[in-house]
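Just follow the structure's listing: the first ligand is 1, and inside any ligand the first atom is 1.
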Amino acid sequence: MVKKRAFKTLAPYQNDRLGVNFASKDWLRLDWNESTEAQPASVTKALISSIRKGGLNFYPDAEAAQLRKALGKYVRQKPEMIIAYNGADSALKNIFDAFLNPGNTVLIFGPTYTQIHPFIAVNNAKRMYFIPENIFKPTELEIHTFLRKHKGSYGLVYINNPNNPTGTLLEPKFIKKLCHEFADTLFIIDEAYYEFSGGKTCVPLLTKYANIIVVRSFSKAFRLAGIRLGYTVAHTSINREILKVYNGKEVNLLAQVAGIAAIRDQKAVRSHVKKIQEAKKTFVKKLRKFGFEIHAGYGNFVVIRDNAYMAMKNALLKNGILIRDRSSLPKMAKCLRITISCDKRFLRTVPSVLKKARDSFAMRGR
Ligand SMILES: Cc1ncc(COP(=O)(O)O)c(C=O)c1O
């Protein structure tokens, strides 16, 4: 039987939520950087009204014209520069499918978002890693030196900014310098956590540079992970290539409706981001007071490094709280990633459970 050669290096998707019975109790999900707060009421209202009106019998608008118009206003760019996708993941997959040839190399600033690996591998392309000396404080000098040293051996660069899971953020001014100097390289800037970054974005670079694609998501600050919606902003010459592999039925009707409503309700976005930032500040302060090594960064998540990381994860699990073990990533031994939440249980339970688990681990002398 025919088999895809590229699959030799791939394993089936590992769902680390496997075995968690979400119907059994009200789990606090702090493992996938979703929002634990429900979608805005304005989105619910728009969805109900759309369903009542009907139209699910037809395919969705293949241009997602209304949504792209609303997004154009949001990012202050022309709608032609925007493409909507079934989540940022699908955007990334389309980008790699459109630009990678077998044998090409993608430079990745690691440790970073792992879902891109299969998207690269299925195109028979390779990955090259730049791992900063201090993953929580990458310097512009070391990045620049690496890019220069390896110039010519990579064609695409993936930068997650802010970076999941380390939370680090590179200044758009610095990325601009890279786009200028490495003009033959295509820079993919994944801004899934943009709304938590205090307004730092590479979108304005698009007025001058065509070798950059900005990827965004509705799954984080917009609280719509379940609807599956994302978008890219790029020069039309880039979009022309991507549209060769793009599926016109990519974004379903309800996702388009939800996206438009969510974009229009900026008050809801701002209030959610503010709540998350406040909860994060309190959480970090509490954990530092307990003596934990905690890296706050710019996303809606934090990273904790501790010898007792396994015990801590299990103790939270027993309390109905899920978090993400990131210890297998480069330079992230003993690291846990925790999504920030405005659920009452977050500040009330998580710090004390972590402290108790760490203290009893130390008592056992392990
Ligand atoms: C950096 C990054 N990019 C993309 C995604 C996926 O976004 P979406 O849900 O829009 O596919 C995530 C999800 O966690 C992410 O962390």
Side-chain angles (χ1 to χ4, degrees), residues 13-17 29-36 39 43 64 67 71 74-75 82-97 106 108-120 127 135 138 156-170 175 187-197 200-202 213-233 246-247 250-252 254-256 258-259 262-263 269 276 295 297-303 322-326 329 332 335-341:
Y13 174 68
Q14 290 277 325
N15 180 2
D16 53 8
R17 282 180 172 177
R29 306 179 198 189
L30 310 180
D31 53 343
W32 283 9
N33 294 346
E34 300 146 301
S35 163
T36 57
Q39 74 273 8
V43 173
L67 172 64
L71 281 167
Y74 181 58
V75 301
I82 293 158
I83 305 182
Y85 296 89
N86 181 31
D89 276 348
S90 190
L92 292 165
K93 186 179 181 328
N94 271 248
I95 293 166
F96 290 124
D97 287 349
V106 182
I108 298 168
F109 292 13
T112 190
Y113 185 50
T114 49
Q115 185 58 50
I116 59 165
H117 301 166
F119 300 158
I120 296 168
R127 286 174 272 152
I135 56 163
L156 271 80
V157 176
Y158 171 79
I159 304 175
N160 182 200
N161 210 41
N163 186 49
N164 167 20
T166 54
T168 55
L169 182 94
L170 297 176
I175 296 176
F187 289 85
I188 304 162
I189 314 295
D190 184 341
E191 294 188 352
Y193 300 94
Y194 157 68
E195 284 80 8
F196 298 101
S197 74
K200 305 255 179 167
T201 173
C202 285
I213 308 179
V214 176
V215 180
R216 298 255 186 97
S217 172
F218 275 77
S219 299
K220 312 299 174 184
F222 288 99
R223 297 182 260 158
L224 288 174
I227 207 89
R228 309 305 301 128
L229 187 63
Y231 62 100
T232 54
V233 195
Y246 183 79
N247 179 351
E250 170 85 10
V251 183
N252 75 68
L254 294 178
Q256 294 190 27
I263 283 284
V269 183
I276 293 300
H295 301 275
Y298 285 85
N300 62 344
F301 53 86
V302 293
V303 169
L322 300 169
I323 59 163
R324 192 86 195 266
D325 177 357
R326 296 280 64 186
L329 297 185
M332 291 202 73
C335 280
L336 300 171
R337 189 192 68 201
I338 303 179
T339 307
I340 304 297
S341 163

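Atom-to-atom distance recorded for Gln115:CD and Tyr13:OH is 6.5 Å, nearest 0.5 angstrom. Taken to the nearest 0.5 Å, the OH atom of Tyr298 stands 13.0 Å off from the CG atom of Asn163.
Residue contact annotation: Gln115 has no non-hydrogen atom under 4.0 Å from ligand 1. Within the 4.0 Å heavy-atom cutoff, Tyr85 does not count among the residues contacting ligand 1. A heavy-atom separation below 4.0 Å is found between Lys220 and ligand 1.
Counting protein heavy atoms only, atom 4 (C) of ligand 1 is closest to Tyr113 CE2, 3.4 Å. What sits closest to atom 3 (N) of ligand 1 on the protein, heavy atoms only, is Asp190 OD2, 2.7 Å.
For the side chain to side chain donor-acceptor pair (under 3.5 Å) test, no residue two or more places apart in sequence or in another chain qualifies with Tyr194. Partners of Phe196 under the ring-ring contact (aromatic ring centres under 6.0 Å, His included) rule, at least two apart in sequence or in another chain, do not exist in this structure.
Considering both main-chain and side-chain atoms, Asn33 never comes within under 3.5 Å of ligand 1 through any nitrogen or oxygen pair. Looking at ligand 1, you'll find an N or O of Asn164 within less than 3.5 Å of one of its N or O atoms.
Near Asn160, the atoms of ligand 1 lying under 4.0 angstrom from a non-hydrogen atom of the residue are 1 (C). Residue Gly87 has at least one heavy-atom neighbour below 4.0 Å for each of these atoms of ligand 1: 10 (O), 11 (O). With ligand atoms numbered from 1 in the order given, ligand 1 contributes 8 (P), 9 (O), 10 (O) to contacts under 4.0 Å with heavy atoms of Ser219. Shown in contact with Arg228 at under 4.0 Å from a heavy atom are these atoms of ligand 1, numbered in order with element: 8 (P), 9 (O), 11 (O). Distances below 4.0 Å separate heavy atoms of Ala192 from the following atoms of ligand 1: 2 (C), 3 (N).
Ring to ring, Phe222 and Tyr231 are not that close: their centroids are 6.0 angstrom or more apart. Ring centroids of Tyr158 and Tyr113 are separated by 6.0 Å or more, keeping the two rings apart.
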>> Let's go through Thr36 and Thr339 carefully: what are the C-alpha distance in whole Å and the side-chain angles of both, what is the deciding distance for side-chain contact (heavy atoms from CB on, under 4.5 Å) to 0.1 Å, and is it a yes or a no?
In response: CA-CA 9 Å; Thr36 57; Thr339 307; 5.9 Å; no

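Within the 4.5 Å cutoff, the side chain of Asp16 has heavy atoms near those of the Arg324 side chain.
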